[in-house]
Amino acid sequence: MSIGHTLLGLLESGPRHGYDLKRAFDEKFGHDRPLHYGQVYSTMSRLLKNGLVEVDGIEAGGGPERKRYAITEAGITDVQRWLATPEKPEPYLQSTLYTKVVLALLTDRNAADILDSQRSEHLRMMRILTDRKRKGDLADQLICDHALFHLEADLRWLELTTARLGKLAEAVAK
Amino acid sequence: MTPTGSLLIATDLRKAYGPTTALDGAEFSIHPGEVVAVMGPSGSGKSTLLHCLAGIVPPDSGSIIYNGREMATMSDTERSALRRSEFGFVFQFGQLVPELTCVENVALPLRLNGTSRKEAEKTALGWMQRLEVDDLARKRPGEISGGQGQRVAVSRALVTSPRVLFADEPTGALDSLNGERVMELLTEAARSTNAAVVLVTHEARVAAYSDREIVVRDGKSRDMERVV
């Protein structure tokens with residue numbers, strides 16, 4: 001996920017302080033990975049440098065400097081472009097697993113064990129998500145469903161690879 | 001999970017259909033209130049395992065102990081009584097009697113056990129409420145959707161308050177939304193009555209409703225909790 005674009009998108013509804021941005025991000029998108037303040041400020045200074053945001057005001061006070069940021073026209077165009085561009089399909093973890101399976105076959109280890117353990121690990125995560133989905137609201141359900149479908153795709157790959165281990169072993173032995 | 005305290009334990013199950021080996025030393029155990037997914041590719045032996053555990057098909061060798069009793073030592077009549085009163089079944093297709101209304105279908109296992117019609121239908125309606133299909137009570141299976149039919153079938157499987165529910169691909173014929181709702185309601189209902197659920201599935205999203213999984217491959221089973 002692009003943090004810069006997400007923070008820009010959050011600024012579209014009105015200027016905010018860095019702290020407010022972090023809180024909004026964490027509430028909406030950061031259930032598992034809340035942002036660090038450092039991430040927020042480094043991202044904002046990059047956006048500032050690129051002209052996608054501007055400083056709308058600085059609050060004086062005893063604490064650290066509190067800048068209020070506003071999105072620029074260029075920033076809005078950038079968010080729009082990001083939203084309109086489909087994400088590249090990620091290779092996820094197949095390449096790593098494939099490497100492990102092939103290495104196991106090459107070194108006479110049990111490749112099916114690697115795949116079984118991975119399936120179990122995937123299912124463990126799917127149980128957590130299914131449980132969260134069951135207890136959550138519609139937003140939680142949709143977010144969990146997305147993750148579940150991706151994990152399921154990985155699992156289908158694991159099943160297919162398991163079914164083809166014999167052929168794969170012949171192929172890598174050549 | 002150790003077999004200690006298990007409700008149903010199978011060891012070294014072997015079963016062949018002619019020259020084809022279906023089970024080749026499979027093991028299984030389940031505790032009350034536990035949902036165990038039996039996974040594996042088509043033809044791996046997972047349905048045969050379920051049929052043996054439920055006493056529908058006798059294994060060629062090996063032991064199945066239900067509630068402390070070896071099933072092989074039971075008479076056919078005893079095994080049938082066990083299936084009627086202590087086990088519940090949900091399959092993928094065609095379980096409802098088309099001539100009966102939905103509530104009559106759900107009440108059927110109780111009627112077969114000698115419960116009066118009135119009492120059986122009252123209990124049946126209670127289960128249909130839990131599965132959110134009580135409004136279909138007077139309809140016949142031909143008049144309802146696949147997802148609704150499956151919930152009626154789950155109600156029927158649970159109506160005798162079985163101690164073990166055997167579900168073989170219970171959502172195999174449903175779309176994902178209906179399938180998940182059936183799984184949610186099925187597991188909720190089973191957990192609330194402390195029933196054990198043996199869930200045969202090849203779908204990971206369905207297996208995600210289980211507490212743990214065993215994998216069957218070439219007639220051999222693998223308890224993933226003991227491996228990982």
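We name chains A, B, ... by the order of the sequence lines, and we start the count at 1 in each one. Excluded from the calculations below are hydrogen atoms, water molecules and symmetry mates; all remaining heavy atoms, backbone and side chain alike, are included.
With a threshold of 4.5 angstrom between heavy atoms, A:D131 does not approach chain B through any atom at all. With a threshold of 4.5 angstrom between heavy atoms, B:M183 does not approach chain A through any atom at all. Heavy-atom distances place the side chain of B:T187, and not its backbone, under 4.5 Å from chain A.
Counting heavy-atom pairs under 4.5 Å between each of B:R217, B:E203, B:E180, B:E184 and chain A puts B:R217 at the top.
Rounding to the nearest 0.5 Å places CG of A:L155 at 12.0 Å from NE2 of B:H202. Distance NZ/A:K133 to CZ/B:R205: 5.0 Å, rounded to 0.5 Å.
Around CZ of A:F149, the count of heavy atoms belonging to other residues, nucleotides or ligands within 6.0 Å exceeds 12. For CG of B:L177, the number of neighbouring non-hydrogen atoms (other residues, nucleotides, ligands) closer than 6.0 Å is 12 at most. When the shell of 6.0 Å around CG of B:D218 is examined, it contains 12 or fewer heavy atoms from other residues, nucleotides or ligands. Within a 6.0 Å radius of CZ in A:R164, other residues, nucleotides and ligands contribute 12 heavy atoms or fewer. Shown here is A:E73, whose CD atom has no more than 12 heavy atoms of other residues, nucleotides or ligands within 6.0 Å.
Closest approach of A:L123 and B:A208 over heavy atoms only: CD2-N, 4.1 Å.
A salt bridge links A:R127 to B:E213: one of the charged nitrogens lies within less than 4.0 Å of a carboxylate oxygen.
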